[in-house]
Amino acid sequence: STLFAGAAWAVQQPKYDAEAAQLASTLTDPPECFGAASGPTDGLEPIVPRCDNPELADVIIPSPGFGNADRPQHPDCLSTLNDATVRDCQFGSGEPDAPQVALIGDSHAYALMDPFIEMAERNGWHLTTYLKGGCPWTTTPLAARDAFAISCDDWRADLTAQLAAHEPFDAVFTAALTDRNVPGTSNDEQVAAAGYGEAWAQVLGEGTPIVTVVDNPAWPDDPNKCLRTEDASSCTVPRDEGLAEFDPIALAADAALAQGADVTLLDFSDTYCTSEECPAVVGGANVYRDVDHLTRTFAFTLEPFLERA
């Protein structure tokens, strides 16, 4: 009933407000070694010495009850479902000589959007985002030829046209979900990697450097469910199951580097996972808001390393 719903809202709203305030405070002044700062890698090199803060041993921010809600703040910039609209959202500096930076990709690129907005505002960049859920920036068609796949084809075609019409960017960052349903044969790897390379060629040919990242782990079920009832040490997935058997973005980056292209590949696999397992909490930060998307909070802990690249 309306009365019951109103009462439930009255009970939950203070909890939500308290969580939101905690997250804002944490992002403004994070604890030492919080999240990705705990290492052991900055995506390119080992962090030496590794940062360790014993006070974070029992910390989980955001809490498991709030983790699912800790998402980027600009949903209007992400095309979803069968929507083929290329939404070129603009952030940061409006100065004509501002460095031009683009963020391109699917929902895994979108997960990093808010840190990129903050970097743009702090550094005087002009940031343009091109994001569609489930539709990575590649020329490889989606396996299913349904309405969504067609919308993805249309989105990519329009993106190509918009990139061609835009003055060359000073840098492009891209990320994507790794399709763990691909069998992983040599031919599949080559086809998937080639699709990224073909898409990137458009901007690389204009002299624009590309920065990309190995995909984060995926879980069979939302780890927040485990964190609500179990100790965080019990909420893990084996490394060889969490991380994809192969990542076509990494293969594409390696191939581009071998050809002398200006591509930087970041790899935080050893931050997400030990040699044996991938925990749901890293350095006191709740890493995932669902089975494979980062919380907004954890994404911000990657920001110093993304900016340095």
| message | Whether the side chain of Thr41 engages the backbone of Glu45 through a donor-acceptor N/O pair (distance < 3.5 Å, no angle test) should be reported. | response | yes

| said: Within the 3.5 Å criterion, strictly below it, is a donor on Asp247 or Thr178 matched to an acceptor on the partner's side chain? | reply: yes

| task | Compare all side-chain heavy atoms of Leu294 with those of Tyr272 and state whether any distance is below 4.5 angstrom. | result | yes

| query | For Leu306 and Phe116, which heavy atoms make the closest approach, and how far apart are they? | reply | CD1-CE1, 4.0 Å

| message | Minimum heavy-atom separation for Asn224 and Tyr288, please, with both atom names. | response | ND2-O, 2.9 Å

| Considering all heavy atoms of both residues, which atom of Asp106 and which atom of Pro136 are nearest to each other, and what is their separation? | CB-N, 4.0 Å

| field | Salt bridge flag under 4.0 Å for residues Asp154 and Lys132 | value | no

| Are any non-hydrogen side-chain atoms of Leu27 and Arg296 less than 4.5 angstrom apart? | yes

| Pro64 and Leu227: which non-hydrogen atoms are nearest, and at how many Å? | CG-CB, 3.4 Å

| query | Is there a side-chain contact between Ile210 and Trp137, using heavy atoms and a 4.5 Å cut-off? | reply | yes

| note | Minimal heavy-atom distance between Asn286 and Ser63, with the atoms involved, is ND2-O, 3.9 Å

| query | With a 4.5 Å limit on heavy-atom distance, are the side chains of Asp292 and Asp290 in contact? | reply | yes

| Within a strict 4.5 Å, meaning less than it, do heavy atoms of the Phe305 and Ile47 side chains meet? | yes

| message | For Asp70 and Thr297, which I'm curious about, is there any donor-acceptor pair between the side chains at under 3.5 Å? | response | yes

| Heavy-atom distance under 4.5 Å between the side chains of Val237 and Pro220, does that happen here? | yes

| request: Answer yes or no: does atom CG of Asp76 have more than 12 heavy-atom neighbours from other residues, nucleotides or ligands under 6.0 Å? | output: yes

| pair Leu266-Leu44: side-chain heavy atoms closer than 4.5 Å | yes

| message | Measuring centre to centre across the rings, with the benzene-like ring taken for any Trp, is Phe34 within less than 6.0 Å of Phe300? | response | no

| request: Could you walk me through whether Asn68 and Asp222 pass the side-chain hydrogen bond (donor to acceptor under 3.5 Å, both in side chains) test, one step at a time? | output: CA-CA 9 Å; Asn68 300 131; Asp222 180 359; 2.7 Å; yes

| field | Side chain proximity check, Gln100 to His126, heavy atoms < 4.5 angstrom | value | yes

| query | Looking only at heavy atoms, which two atoms of Ala193 and Ala252 are closest? And how far apart? | reply | O-CB, 3.4 Å

| Would you call the rings of His74 and Phe91 parallel, tilted or perpendicular, where under 30° means parallel and over 60° means perpendicular? | perpendicular

